[in-house]
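Working notes for the structure below.
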Number of protein chains: 2
Amino acid sequence: MPATATLRARDRGPAATRRAILAAAETLLARGGEAGLSIRELCARAGVTPPTVYHHFGDKGALVDRLVDECFAEFDRTFTRRRPPADPVEALRWGFARYVEYGLAHPAHYRLMFQRSTARRPTAAALASYDRLRRRVAAIDAAGRLTAAVEDATAAFWSAVHGVTSLLIAGFWKPGAPAVALVCNAMIAQLTRKEAVHVR
Amino acid sequence: MPATATLRARDRGPAATRRAILAAAETLLARGGEAGLSIRELCARAGVTPPTVYHHFGDKGALVDRLVDECFAEFDRTFTRRRPPADPVEALRWGFARYVEYGLAHPAHYRLMFQRSTARRPTAAALASYDRLRRRVAAIDAAGRLTAAVEDATAAFWSAVHGVTSLLIAGFWKPGAPAVALVCNAMIAQLTRKEAVHVR
DNA sequence: ATCGTCGTATAGCGCCGTTATAACGGCGGC
DNA sequence: GCCGCCGTTATAACGGCGCTATACGACGAT
């Protein structure tokens, strides 16, 4: 059972070739960021030639789109691997911690997912992730503990935790910095309440 | 009095050449973002050849550093062109609005200033801008109206407004979106108070 | 008048993303 | 059992990129 990457492309199925290309792309991304993700270097690692990549993915942007989809899959796993607290507000706070955790563990992936230089419309995987956050916020609202509209609060929560995460990744301050907790706590304190309120 | 850009490099002084290069870089950046900023295209616009650029700036990264300095100068002007409110908390809120305004008016510049792909240590101009925010926060603290340490609150404020701005620029929602005000208001409401408190 | 230095130009290297063209190989029709 | 088709892969090249070895011209010091 030889290693996949050492086989020439002709000796394995197209699906395996696709997977080898994406795996090499992931490696290069993690190693050198978006700038280090070169088609030719990728080809050398995956044992493939450029036209093969273009046959399977179209162009580099589309290849990166598929790579981003894989990133979001791993991102989702960050939230499903462990069980969140039962209390919906605590679940949100727990989600913030997982979010920041993912960004710090995979900074190059995070940049690609949320700060891609060439603007693309969000992929289905990205929208699904955002929807998961919205459902968390809706759960707080359903408990009568949200102090703003669900849509607006969702956007606000994401803004805040994204701001913290991207500045952490950029190295502007260290992981344990008090500002991180300060932002998350402020958003939760302001947009949720401790006890349920029955409107109407 | 002929236009500077139409002159060949030999017919003007080195300082004018430097300025022409930076001006062309600014134009290209605004037009096509970081990806559109190519040395060769820049040379064509500035009436200059590549070695001249490298003679004056060293390499592309250093050229971009100088360009970023110019961006921060314009960024600072955003805050000094108009007078902020006298009340320190209102001045902070006013600063948030100017910050977001700048990001929306110069998205490519903002990306370069705060989301450069190849991490560089902050330039002096960047540190000066951050210090201006810290002084604003310190003024709130001096009035006995800050509920956290100056350093931490400064970092938290910046995180929040940066998160909002970068997602606005990325097009994830529109300028008037309620989330923008929601985040800014939440941070101010949580980290400042309306009346002064004399500790000790 | 000569020389050195500073600013600029010519021409080229090696890398990039991308593609025109062609060769390989499995699979259905005869 | 052979043939031709078509999906997949390879060879080789194009134009553009950042960058640089080298050379040339103007100008001040001697």
Side-chain angles (χ1 to χ4, degrees), chain A residues 2 4-25 27-29 31-68 108 112 116-120, chain B residues 4-25 27-29 31-68 112 116-120:
Chain A
T4 321
T6 61
L7 285 174
R8 295 293 88 176
R10 283 249 153 84
D11 303 332
R12 65 190 168 205
T17 299
R18 260 187 83 100
R19 257 178 285 126
I21 290 170
L22 279 171
T27 302
L28 281 181
L29 173 65
R31 206 163 292 201
E34 191 172 2
L37 212 168
S38 128
I39 298 277
R40 304 170 100 104
E41 176 79 12
L42 179 158
C43 287
R45 281 176 186 272
V48 148
T49 55
T52 302
V53 176
Y54 286 88
H55 173 75
H56 282 291
F57 294 96
D59 68 353
K60 190 182 183 182
L63 165 64
V64 173
D65 279 345
R66 296 292 74 76
L67 186 54
V68 165
L112 212 58
R116 190 117 67 105
S117 46
T118 64
R120 298 222 159 204
Chain B
T4 320
T6 62
L7 285 176
R8 295 293 89 177
R10 283 247 154 87
D11 304 331
R12 64 189 167 207
T17 298
R18 260 188 84 102
R19 258 178 283 126
I21 291 170
L22 278 172
T27 301
L28 281 180
L29 173 65
R31 205 162 293 202
E34 192 171 1
L37 212 168
S38 129
I39 298 278
R40 301 169 103 103
E41 176 80 11
L42 179 158
C43 287
R45 280 175 186 273
V48 151
T49 54
T52 300
V53 175
Y54 288 90
H55 172 74
H56 282 290
F57 295 96
D59 67 353
K60 191 183 182 180
L63 166 63
V64 173
D65 280 345
R66 295 292 73 76
L67 186 55
V68 166
L112 212 58
R116 191 117 67 108
S117 46
T118 64
R120 299 223 157 202

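As the structure is a computational prediction, the values presented were derived from the model and not from experiment. Residue numbering restarts at 1 for every chain, and letters A, B, ... go by the order of the sequence lines.
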TODO: Please state whether the phosphate of dG7(C), meaning OP1 or OP2, lies under 4.0 angstrom from any side-chain nitrogen or oxygen of T17(B).
DONE: no

Open item on the list: With a 4.5 Å cut-off on side-chain heavy atoms, are R116(B) and V64(B) touching?
Closed with: yes

Open item on the list: Can you see if the side chain of H56(B) gets near the phosphate of dC6(C) - specifically, an N or O under 4.0 Å from OP1 or OP2?
Closed with: no

Task: Student check: side-chain heavy atoms of T27(A) and L42(A) closer than 4.5 Å - done: no

Open item on the list: Just verifying a value: how many Å separate L29(B) CG and L22(B) CG, rounded to the nearest 0.5 Å?
Closed with: 11.5 Å

Task: Under 3.5 Å donor-acceptor, R31(B) side chain and G36(B) backbone - done: no

TODO: Would you kindly give the NE2-to-P distance between H55(B) and dC24(D), to the nearest whole Å?
DONE: 19 Å

Task: Minimal non-hydrogen separation, P50(B) against C43(B), with atom names - done: N-SG, 3.5 Å

Open item on the list: In whole Å, I'd like the distance from the CZ atom of F57(B) to the C1' atom of dG7(C).
Closed with: 14 Å

Open item on the list: Within the 4.0 Å limit for protein heavy atoms, which parts of nucleotides 14-20 of chain C are touched? Write it as a string from 5' to 3', B for base, S for sugar-phosphate only, - for none.
Closed with: --BBBBB

Task: Residue pair G33(A) / A108(A): nearest heavy atoms and the distance that separates them - done: CA-CB, 4.0 Å

